[in-house]
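The structure under discussion appears below in the form of structure tokens.
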Amino acid sequence: GKSKEEILNLRAMELKHGRVAMLAVLGWFHVAAGYHIIGDYAVGEHLDNNPLVNLTQMPMGGIWQVVFTIMCLEWVTTYVCKPPAEKPWDILGWSD
């Protein structure tokens with residue numbers, strides 16, 4: 001059996017990964033629909049609407065910016081602004 005704290009932590013991780021997956025799907029649909037203005041400006045030409053081909057056309061600097069931003073957000077929510085222990089899934093502190 002797991003303790004109550006372990007179950008709350010597993011629940012928080014499950015919700016966090018679900019939110020990341022939803023954002024990834026939203027990003028995939030945006031690129032597939034032809035909405036990738038930032039990428040077009042970074043490369044200087046129109047990128048492909050296929051998300052996999054689009055990823056290969058992006059410069060490495062842009063990809064590393066995304067990776068670094070994700071790492072910073074993970075660090076902030078893990079060490080700097082820890083969510084309350086009784087509600088670890090509430091990273092912004094919006095629920096009562």
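Quick caveat, the model's predicted, so the values are computed rather than measured.
In the hydrophobic clustering of ILVMFWY residues, with side-chain heavy atoms under 4.5 Å counting as a link, Phe68 and Tyr79 come out apart. Using a 4.5 Å cut-off between side-chain heavy atoms of Ile, Leu, Val, Met, Phe, Trp and Tyr, with links allowed through other members, Val53 and Ile63 fall into different hydrophobic clusters. There is no path of hydrophobic side-chain contacts, each under 4.5 Å, that joins Val67 to Leu73.
When hydrophobic side chains of Ile, Leu, Val, Met, Phe, Trp and Tyr are connected at separations under 4.5 Å, Val66 ends up clustered with Ile70. Here Trp28 sits in one hydrophobic cluster together with Val25, Phe29, Leu52; the rule is ILVMFWY side chains under 4.5 Å apart, joined directly or through other members.
For the salt bridge (Lys or Arg N to Asp or Glu O under 4.0 Å) condition, no pair includes a residue of residues 54-64, sequence neighbours left out. For residues 47-74, the pairs satisfying side-chain hydrogen bond (donor to acceptor under 3.5 Å, both in side chains) are Lys16-Glu74, His36-Asn49, with sequence neighbours left out.
Applying the side-chain contact (heavy atoms from CB on, under 4.5 Å) criterion to Leu10, with sequence neighbours excluded, gives Lys2, Met13.
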